[in-house]
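In what follows, a single structure is set out as structure tokens and then discussed.
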Amino acid sequence: MADDIATLVLGIETTCDETAAAVVERRGDGSGRMLSNVVRSQIAEHAPFGGVVPEIAARAHVDLLDGIIASAMKEAGIGFDKLSAVAAAAGPGLIGGVIVGLTTAKAIALVSGAPLIAVNHLEAHALTPRLTDALAFPYCLFLASGGHTQIVAVLGVGNYVRIGTTVDDAIGEAFDKVAKMLGLPYPGGPQVERAARQGDATRFQFPRPMMGRPDANFSLSGLKTAVRNEASRMTPLQQQDIDDLCAGFQAAVLDSMADRLRVGLRLFAEQFGAPTALVAAGGVAANQALRAALQEVATQAETQLVMPPPALCTDNGAMIAWAGAERLALGLTDALGAPPRARWRLDENAVVPPQFANTRANS
Ligand code: KG4
Ligand code: ZN
């Protein structure tokens, strides 16, 4: 498909606990526009279990997806015959949910005759600022969600180099686990942030994992264990204890994160030149204290901070549709046999510079 033609792409997202569909238009000049963006979070279904239950998620996607797609198409005011392509997140993620979304996309592609695009969910997060801010390559992406914590050099469509990743828990996962051990409800990130606002961050001196290391990797599990040890030492916890533990934990996360990003941005500049921006995405980016810390890191590195609006930072269909549209413009479509993938590295086809080779953890 020529790059100068306007296209309409349906995007489907089912890799975790959001069932989502959207229609996006990509204009010939490379700019984008959302025609619809329908998201149904399954938080209520999973809250009683304190986390996402894969089997429940997959069943909920089956129940919800048809209706969500119908809403997205109706809101966009188009029929399936007007679609230039059908994009679905084909991974990485919970495999049951991925199968539901990808199979549905294949059925629509088959019936409508539009090509299928099997999108990497991480690529969709990575390309979102091109939809929201028309951002030029290359930029440095910090992706922090419940499932992922990565610093990625976004050099072009399909051209990504992972500069750093977590060697254990994702940042959002650590927030959720700390919340759980302190008896706060799921999802824990917003709860921990709220409690931290009332707390004294100096009462506990928690470790700042990986601080000062020359690579840009993250580690959260030691910090999480330190919080657990402190909490069990003081049981039963008073509200003030919980607030102080949350404040101490969040401060440690932010210090460690800022250090890791400073290193990441330095490695980026050495390897790829100055980035057009530091981009933050993922549910954790909703944290106000974290936003302030990111702004400081960006300012120090003499770059701008770009954050897509919260609804496009967390999982959604528009990012999948947009990644599909960007791939379609380059003629990158997939066969109907495209497999669902629980694990799928963003930069698996990249020639990884040796200094980043130590980031070869999964997903
Ligand atoms: O991107 P997202 O909606 O879903 C995926 O994980 O893919 O991110 C959800 C994660 C959860 O771990 C949640 O606790 C965390 O983002 N989160 C936060 C905040 N809001 C959401 N973490 C810290 N502070 C917040 N305000
Ligand atoms: Zn995500």
Side-chain angles (χ1 to χ4, degrees), residues 11-20 22 37 39-43 46-47 49-54 57 61 88-94 97-98 101 119-128 141-150 152 166 169-182 184-197 199 218 220 223-224 227 246-247 249-254 256-257 279-294 307-320 322-323 342-344 346 363:
I12 297 173
E13 162 59 37
T14 54
T15 62
C16 191
D17 61 343
E18 264 93 25
T19 313
N37 189 29
V39 182
R40 163 68 157 77
S41 167
Q42 301 172 10
I43 284 179
H46 300 287
F49 305 95
V52 178
V53 183
H61 288 307
L94 301 173
V98 174
V119 169
N120 181 314
H121 175 95
L122 301 172
E123 172 170 48
H125 277 300
L127 295 177
T128 298
L141 172 75
F142 174 49
L143 177 60
S145 71
H148 306 282
T149 298
Q150 305 192 359
V152 179
T166 178
D169 293 347
I171 294 186
E173 188 182 359
F175 269 89
D176 293 339
K177 287 178 177 172
V178 163
K180 199 171 181 178
M181 71 176 79
L182 299 178
L184 301 173
Y186 172 85
Q191 305 285 337
V192 171
E193 181 180 18
R194 198 168 306 133
R197 239 178 265 135
F218 296 78
L220 278 306
L223 171 58
K224 178 190 68 190
V227 177
C246 287
F249 163 76
Q250 183 171 282
V253 170
L254 297 190
S256 170
M257 176 203 75
V279 175
V284 184
N287 186 300
Q288 292 302 320
L290 181 133
R291 284 176 169 240
L294 289 177
M307 300 189 76
L312 295 177
C313 274
T314 55
D315 292 349
N316 64 85
M319 69 179 192
I320 306 299
W322 176 251
R343 293 184 185 280
W344 187 358
L346 191 51
S363 76

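Atoms within a ligand are numbered from 1 in the order they appear, just like the ligands themselves.
Between Phe175 and Phe249, the ring planes lie perpendicular to each other; the angle is over 60°, past the 30° to 60° tilted range.
Inclusion of His121 in the first shell of the Zn ion (ligand 2) is supported: an N, O or S atom falls under 2.8 Å. Residue side and main chain included, His125 places an N/O/S atom under 2.8 Å of the Zn ion (ligand 2).
For the atom pair Asp315 CG and His125 NE2, the distance stands at 4.0 Å (nearest 0.5 Å). Here the CD atom belonging to Gln42 is positioned 8.0 Å from the CD atom belonging to Glu18, to the nearest 0.5 angstrom.
The atoms of ligand 1 that sit less than 4.0 Å from any heavy atom of Asp176 are 11 (C), 12 (O), 13 (C), 14 (O). Ligand-side atoms of ligand 1 in range of Gly147: 6 (O), range being under 4.0 angstrom from any heavy atom. For ligand 1, the atoms sitting less than 4.0 Å from at least one non-hydrogen atom of Gly172 are 12 (O), numbered in the order shown with element in parentheses. Of all atoms in ligand 1, numbered sequentially from 1 with element shown, those under 4.0 Å from a heavy atom of Asp315 are 4 (O), 5 (C), 7 (O).
Considering only non-hydrogen protein atoms, atom 24 (N) of ligand 1 sits nearest to Asn287 ND2, 3.0 Å. Nearest protein heavy-atom neighbour of atom 22 (N) of ligand 1: Gly189 CA, 3.3 Å. Looking at atom 21 (C) of ligand 1, its nearest protein heavy atom turns out to be Gly283 O, 3.4 Å.
In this structure the side chain of Met181 reaches within 4.5 angstrom of the side chain of Lys224, judged on heavy atoms. With a 4.5 Å cut-off on side-chain heavy atoms, Leu312 and Asn37 count as touching. For the pair Leu220/Val253, a side-chain contact is recorded, criterion being any heavy-atom separation below 4.5 Å from C-beta on. Looking at Cys313 and Thr128, their side chains never come closer than 4.5 Å, going by heavy atoms from C-beta outward. Between Asp176 and Tyr186, some side-chain heavy-atom pair lies under the 4.5 Å cut-off.
For the residue pair His121/Thr15, the side-chain donor-acceptor check at 3.5 Å is satisfied.
The distance criterion of under 3.5 Å between nitrogen or oxygen atoms is met by Glu193 with respect to ligand 1. Between Gly146 and ligand 1, a contact under 3.5 Å exists for at least one N or O pair.
Residue contacts with ligand 1, taken as heavy atom pairs separated by less than 4.0 Å, do not involve Cys16 at all.
The atom name of the N/O/S atom in Asp315 closest to the Zn ion (ligand 2) is OD1.
At least one heavy atom of Gly282 sits closer than 4.0 Å to an atom of ligand 1.
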